[in-house]
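Take a look at the structure below.
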There are 2 protein chains.
Amino acid sequence: MGLREVKRERTRQLIADKAFELFTDRGFGRTTVEQIAAAAEVGPSTLYRYYPTKERLVLEFVEGSLFEALDWFREQPQLSLPDGLQGVVERVLDQMESNPDRVRTVYELAGQTPSVSAHLADVIWRWRDELTAELTTRLTADSSDQPLAGASVPFTAALAAGITMNVIEVTVQTWVDNPAGTDAKELAREAMCLLRGGGIPLPTADPTQL
Amino acid sequence: MGLREVKRERTRQLIADKAFELFTDRGFGRTTVEQIAAAAEVGPSTLYRYYPTKERLVLEFVEGSLFEALDWFREQPQLSLPDGLQGVVERVLDQMESNPDRVRTVYELAGQTPSVSAHLADVIWRWRDELTAELTTRLTADSSDQPLAGASVPFTAALAAGITMNVIEVTVQTWVDNPAGTDAKELAREAMCLLRGGGIPLPTADPTQL
DNA sequence: AGCGATTATGGAAGTGACTACCATATGACG
DNA sequence: CGTCATATGGTAGTCACTTCCATAATCGCT
């Protein structure tokens, strides 16, 4: 690795950090990209080479946490899918718990600014889509695992990825809302017990006469 | 209802329709709001009184379908939650199936334009949040339904809403991707069978040693 | 019908995110 | 040291979106 990439990563982090400072101080709407660029001592056009939109500056940390866990998952093909997904959930929550203030601020900014919440939702969706893709390849690979009666593999994969995403979202949301002190991974465990135990009201397959 | 509200609804629809035309013709990025306003024969400032962003013009139909079903759900407090949620799923899919081209175009535009997919994700999220709120009040009301051992009501509600949203999303996605002809409600039924039958690899509650 | 109050509309002016482009500088490599 | 690839900064421009005000359409009441 050359000196070039080191500098690149440094600049990248510097920009995101300065941006986050300004956002927490003056708020998202009252901060211009010029101000961020000036604070990071780069030109605005340089800033846009690192981050495509102002919103992505807010989401840097969350995005990183999610995709790190996904990368880990891809490198663990020997694990069973349930164990692998469990590892994904744990890794994401570990990242979040390592920096509670940042996560909290992200959610606050998302709550105040529609475009931020939109981009947050988008990042999580893209993550889920990549997880779906990975699950699809794995399910097709060892389809001996389960007969998968009738249902197509991508369909099953999408459902699994969606539920995993849900568990993470619900857990993080609850963890952020609570006055700190709660254990995120304990919450996630509860969520999964509920899922397996059937304690959740699901839509029924049989249509009722309406 | 006065003449005023009739006109308002007419203008609202007119704007969305003209916008959709232009988007399908020239694409989202190559259409300016001025062009849309001109096509609908209103001033740009009027357009912004009806739609807060250009992206929401794309999502008008999807948004309407989702929230109509939610309104219906709110008006059916006598139904059990599973039946009610089933009704929600059915109603959303009915709406989508009533206008396949429009849904397909929305997904195409979302696939091409990041900001559209971001707003699409956001709309669906807001919908899920409102569904969560409704489920929370209902679960607290008749908590005699189930003991809900230990788990908090909003937690359970959020999971239920999330899964319902997942079923809809996965179903619509699969239905849109397929070369037409597939029955969306049949797909949804499969999804729910998979969910109930445990045919989906979920993260395990017990952490494995990593 | 007529009249005051309320609300919808159109236009003008401005802010700021984002893009395209080019000249320059800086690290990579023989 | 020379060259080459890449990173940077600045400029100019487009366009989404906001704010504000003057005007016009509708409503409610008598």
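None of the values given here were measured: they were computed from a predicted structure. In what follows, every chain begins at residue 1, and chains take the letters A, B, ... in the order their sequences are listed.
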Over how many whole Å does the gap from [X] atom [atom1] to [N] atom [atom2] extend?
{"X": "B/R56", "N": "D/dA16", "atom1": "CZ", "atom2": "C1'", "answer": "15 Å"}
{"X": "B/Y51", "N": "D/dA16", "atom1": "OH", "atom2": "P", "answer": "17 Å"}
{"X": "B/L3", "N": "D/dT26", "atom1": "CG", "atom2": "P", "answer": "6 Å"}
{"X": "A/R10", "N": "C/dG27", "atom1": "CZ", "atom2": "P", "answer": "11 Å"}
{"X": "A/Q35", "N": "C/dA17", "atom1": "CD", "atom2": "P", "answer": "8 Å"}
{"X": "A/K54", "N": "D/dC15", "atom1": "NZ", "atom2": "P", "answer": "21 Å"}
{"X": "A/R30", "N": "C/dG16", "atom1": "CZ", "atom2": "C1'", "answer": "13 Å"}
{"X": "A/Y48", "N": "C/dT19", "atom1": "OH", "atom2": "C1'", "answer": "10 Å"}

>> How bent is the helix from C/dA1-D/dT30 to C/dG30-D/dC1, measuring the angle between the end axes built from five pairs each, rounded to 10°?
In response: 30°

> Excluding sequence neighbours, so at least two apart, what forms side chain to side chain donor-acceptor pair (under 3.5 Å) with A/R56?
Replying inline: A/E63

>> What contact category does B/S115 fall into here, base, sugar-phosphate, or nothing, at under 4.0 angstrom with non-hydrogen atoms?
In response: nothing

>> Out of the candidates B/V172, B/T171, B/V170, only one should pair with B/T174 under the side chain to side chain contact (heavy atoms under 4.5 Å, CB included) rule; please name it.
In response: B/V170

Side-chain donor-acceptor pair present, [X], [Y], cut-off under 3.5 Å:
{"X": "B/E9", "Y": "B/Q13", "value": "no"}
{"X": "B/Q78", "Y": "B/Q76", "value": "yes"}
{"X": "A/Q112", "Y": "A/E108", "value": "no"}

>> Please encode protein proximity along nucleotides 6-11 of chain D as a string of B, S and -, counting only heavy-atom distances under 4.0 Å.
In response: BSBBB-

Output a table of donor-acceptor pairs, distance under 3.5 Å, between side-chain atoms of residues 33-47 of chain B and any protein atom two or more places apart or on a different chain; print 'none' if there are none.
from  : atom 1 : to    : atom 2 : distance (Å)
B/Q35 : OE1    : B/R26 : NH1    : 3.3
B/Q35 : OE1    : B/T32 : N      : 3.1

> Sequence neighbours excluded, which residues qualify as salt bridge (Lys or Arg N to Asp or Glu O under 4.0 Å) partners of B/D129?
Replying inline: none

>> Please determine whether a side-chain nitrogen of the Lys or Arg among A/D94 and A/K185 lies less than 4.0 Å from a carboxylate oxygen of the Asp or Glu.
In response: yes

> Under the side chain to side chain contact (heavy atoms under 4.5 Å, CB included) test, which residues partner A/Q173, sequence neighbours left out?
Replying inline: A/Y107, A/D177

